[in-house]
Trainee: 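The following block contains the structure, expressed as structure tokens.
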Amino acid sequence: MRLTLLHELTQFLTELEQTQQELLTLFAAKRRALNAFQPDELLRLSSREGELAARLKELVGKRNVLLNKARGAGFAVESLLEFTGAIGKTVGDSRVLRAIELIQGRILASQRRTAALQRESWVHWIISHRCYNHYTELLELIAHGGHPAPTYGKALATAGGAVLDAAA
């Protein structure tokens with residue numbers, strides 16, 4: 001049972017690594033498209049990003065199935081790394097222990113890729129959010145004939161403020 005679970009884990013990791021690598025490549029292309037303001041390219045990349053996100057969701061489900069199988073086999077684990085460590089404690093064969101070390105290395109590399117994907121995704125969000133804010137400001141200026149909205153005028157420019165005025 002342990003070897004079957006290890007085999008399933010290596011298959012899972014192969015799928016995960018491939019998906020993560022595709023996302024890293026896509027995110028690099030998306031950053032270039034954001035920097036060069038290429039809306040058509042962003043739309044094309046967006047659809048592919050949705051497909052990869054759906055595949056990641058499927059992989060999360062597979063991960064949960066793997067962990068449930070491990071728990072069913074008597075391993076009280078909460079992560080794949082814990083699972084490989086728990087199997088390593090029960091195996092005496094040096095070849096299997098070496099395979100477990102390799103799997104653990106792959107899991108750690110996957111965690112690093114996940115962190116890189118999160119950082120890049122955060123950068124994309126910041127760029128998009130700032131563009132949205134600038135776009136909104138431009139629309140307000142157009143709507144008010146090039147002047148700031150009256151709510152942002154003299155009331156905020158005066159010294160003090162509502163808290164200081166109320167205390168006086």
Side-chain angles (χ1 to χ4, degrees), residues 1-91 95-143:
M1 179 69 168
R2 291 178 300 213
L3 294 179
T4 303
L5 288 172
L6 280 178
H7 180 69
E8 288 181 34
L9 178 57
T10 57
Q11 288 177 329
F12 167 80
L13 286 173
T14 301
E15 289 180 57
L16 179 62
E17 290 163 344
Q18 179 184 10
T19 304
Q20 286 178 324
Q21 199 56 50
E22 287 180 40
L23 265 172
L24 284 170
T25 303
L26 182 131
F27 279 4
K30 186 175 179 182
R31 168 112 41 138
R32 287 190 300 274
L34 283 168
N35 288 339
F37 189 66
Q38 299 172 328
D40 293 336
E41 180 67 5
L42 286 171
L43 284 174
R44 188 186 69 75
L45 292 171
S46 176
S47 65
R48 179 68 181 138
E49 186 177 359
E51 293 169 8
L52 291 172
R55 192 155 56 168
L56 278 179
K57 278 187 174 184
E58 290 174 16
L59 288 169
V60 167
K62 286 183 179 184
R63 175 191 176 272
N64 291 335
V65 167
L66 263 173
L67 287 174
N68 286 333
K69 284 182 180 181
R71 291 181 195 115
F75 297 102
V77 294
E78 294 297 319
S79 72
L80 297 177
L81 200 56
E82 283 180 20
F83 171 56
T84 56
I87 287 181
K89 292 177 184 175
T90 65
V91 174
R95 290 179 298 171
V96 175
L97 287 173
R98 179 67 186 134
I100 288 172
E101 288 175 6
L102 292 173
I103 291 170
Q104 288 175 329
R106 289 176 69 187
I107 292 170
L108 293 172
S110 176
Q111 289 174 342
R112 288 189 295 274
R113 277 190 302 278
T114 298
L117 287 167
Q118 288 171 337
R119 281 189 304 275
E120 191 63 27
S121 182
W122 180 244
V123 168
H124 294 173
W125 184 88
I126 289 170
I127 292 170
S128 300
H129 189 71
R130 286 186 179 171
C131 288
Y132 170 79
N133 285 341
H134 290 303
Y135 178 75
T136 303
E137 288 174 17
L138 283 173
L139 284 179
E140 281 193 28
L141 284 172
I142 292 168

Trainee: Please round to the nearest 0.5 Å and tell me the distance separating atom CD of E140 and atom OH of Y135.
Mentor: 12.0 Å
Trainee: Between atom CD1 of I87 and atom CD1 of I100, what is the distance when rounded to the nearest 0.5 Å?
Mentor: 6.0 Å
Trainee: Keeping S110 on the side-chain end and R106 on the backbone end, is there a donor-acceptor pair under 3.5 Å?
Mentor: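 Between the backbone of R106 and the side chain of S110 there is no qualifying donor-acceptor contact (under 3.5 Å).
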Trainee: Please report, to 0.1 Å, the donor-acceptor pairs under 3.5 Å made by any side chain of residues 21-31, with sequence neighbours excluded.
Mentor:
| unit_1 | atom_1 | unit_2 | atom_2 | d |
| --- | --- | --- | --- | --- |
| E22 | OE1 | R48 | NH2 | 2.3 |
| E22 | OE1 | R55 | NH2 | 2.9 |
| E22 | OE2 | Q18 | NE2 | 3.4 |
| E22 | OE2 | R55 | NH2 | 3.0 |
| T25 | OG1 | Q21 | O | 3.0 |
| K30 | NZ | E49 | OE1 | 2.9 |
| R31 | NE | E120 | OE2 | 2.7 |
| R31 | NH2 | E120 | OE1 | 2.9 |
| R31 | NH2 | E120 | OE2 | 3.2 |

Trainee: State, yes or no, whether a side-chain contact exists between L34 and V123 at a heavy-atom distance under 4.5 Å.
Mentor: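 Heavy-atom side-chain distance check fails, nothing below 4.5 Å.
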Trainee: Can you tell me how far the CD1 atom of I107 sits from the CD atom of E82, to the nearest 0.5 Å?
Mentor: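 CD of E82 is found 10.5 Å from CD1 of I107.
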Trainee: Measure across L59 and F12 and return the closest heavy-atom pair with its distance rounded to 0.1 Å.
Mentor: O-CE1, 3.1 Å
Trainee: Taking all atoms of both residues into account, what is the closest heavy-atom pair of L5 and A70, and its distance?
Mentor: CD1-CA, 4.1 Å
Trainee: What's the separation between atom CG in L6 and atom CD in Q11, rounded to the nearest 0.5 Å?
Mentor: 11.5 Å
Trainee: Do R98 and E101 have side-chain heavy atoms sitting under 4.5 Å apart?
Mentor: yes
Trainee: According to the salt bridge (charged side-chain N to carboxylate O under 4.0 Å, His left out) rule, which pairs have a member within residues 61-72, sequence neighbours left out?
Mentor: E8-K69, E15-K62, R71-E78
Trainee: Strictly distance-based, threshold 3.5 Å: is any side-chain N or O of S121 a donor or acceptor partner for the main-chain N or O of L117?
Mentor: no
Trainee: Output every pair passing ring pair (Phe, Tyr, Trp, His ring centres under 6.0 Å) with a member in residues 69-89, not counting sequence neighbours, ordered by first then second residue.
Mentor: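 Those involving residues 69-89 are F75-F83.
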Trainee: State, to 0.1 Å, how close A33 and L45 come at their nearest heavy-atom pair, and which atoms those are.
Mentor: CB-CD1, 4.3 Å
Trainee: How long is the straight-line distance from NE2 of H7 back to CD1 of I103, given to the nearest 0.5 Å?
Mentor: 10.5 Å
Trainee: If I compare all heavy atoms of L81 with all of T84, which pair ends up nearest, and what's the gap?
Mentor: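 Looking at all heavy atoms of both residues, the shortest contact is O-OG1, 2.9 Å.
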Trainee: Report the distance from atom CZ of R130 to atom CG of N133, rounding to the nearest 0.5 Å.
Mentor: 9.0 Å
